[in-house]
Amino acid sequence: MSENNSSGGKRLLRIRQGRIVAGVCTGLAAYFGVDVNLVRLAFGVLTVFYGLGIVSYLIAWAVLPEEGEDGSILESFVNRHRP
């Protein structure tokens with residue numbers, strides 16, 4: 001599920017297969033080797049009790065590249081708006 005980068009290590013990606021919204025939870029679960037439902041539960045708990053779940057999910061969505069892509073949404077936005 002997580003691709004190897006040029007140095008041979010794992011790369012944290014947003015995974016397309018099995019995702020519900022943007023693939024952040026699926027990518028984190030694949031990278032850390034845990035069940036995706038535990039990651040989703042953690043985001044839910046952070047959202048309900050502290051309000052940080054939605055914020056951290058949106059940041060991860062913008063920063064993590066999607067599976068099969070070279071860069072993240074944030075990288076492509078910054079590169080597009082460079083002079």
S.K.: What is the minimum heavy-atom distance between R14 and A60, and which atoms define it?
M.R.: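 In terms of heavy atoms, the two residues are closest at CD-O, 4.4 Å.
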S.K.: With the 4.5 Å side-chain cut-off for hydrophobic clustering, are V55 and L46 part of the same group?
M.R.: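 In one cluster with V55: L46, no.
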S.K.: Using the rule that Ile, Leu, Val, Met, Phe, Trp and Tyr join whenever any side-chain heavy atoms are under 4.5 Å apart, tell me whether I59 and L52 fall into a single cluster.
M.R.: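 Per the 4.5 Å side-chain linkage, I59 and L52 are not co-clustered.
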S.K.: Can you confirm whether more than 12 heavy atoms, excluding those of I54, are under 6.0 Å from its CD1 atom?
M.R.: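 For I54, atom CD1 is not crowded (no more than 12 foreign heavy atoms under 6.0 Å).
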S.K.: For V36 versus A29, what's the shortest heavy-atom pair and its separation?
M.R.: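 Scanning both residues completely, I find the closest heavy atoms to be CA-CB, 3.5 Å.
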S.K.: Taking all heavy atoms of G27 and all of L12, pick out the closest pair and write down the distance.
M.R.: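 Looking at all heavy atoms of both residues, the closest pair is O-CD1, 3.7 Å.
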S.K.: Does some side-chain heavy atom of S72 sit less than 4.5 Å from a side-chain heavy atom of L64?
M.R.: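 Counting from C-beta outward, L64 and S72 never come under 4.5 Å.
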S.K.: Indicate if V24 and V34 have the same hydrophobic cluster label, given that clusters are the connected sets of ILVMFWY residues with side-chain heavy-atom separations under 4.5 angstrom.
M.R.: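 Yes, one cluster joins them.
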S.K.: Can you hop from I20 to Y31 via hydrophobic side chains spaced under 4.5 Å?
M.R.: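 Linked within one cluster.
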S.K.: Going by ring pair (Phe, Tyr, Trp, His ring centres under 6.0 Å), name the pairs with one or both residues in residues 44-63, residues two or more places apart or in two chains.
M.R.: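 Qualifying pairs: F43-Y57.
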S.K.: Might you point out which heavy atoms bring R19 and R40 nearest each other, and give the distance in Å?
M.R.: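 Here R19 and R40 meet closest at CA-NH2, 4.3 Å.
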S.K.: Are L58 and L28 co-members of a hydrophobic cluster defined by side-chain heavy atoms under 4.5 Å apart?
M.R.: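 No, L28 does not connect to L58 through the hydrophobic network.
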S.K.: May I ask you to check whether over 12 heavy atoms, not counting those of D70, lie within 6.0 Å of atom CG?
M.R.: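 Atom CG in D70 is not packed in, count stays at 12 or less.
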S.K.: Evaluate the side-chain proximity of E67 to T26: yes if any heavy-atom separation is below 4.5 Å, no if none is.
M.R.: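 No; the side chains remain at least 4.5 Å from each other.
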S.K.: Find the distance between SG (C25) and CG (D35) and round it off to the nearest 0.5 Å.
M.R.: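 Those atoms lie 11.0 Å apart.
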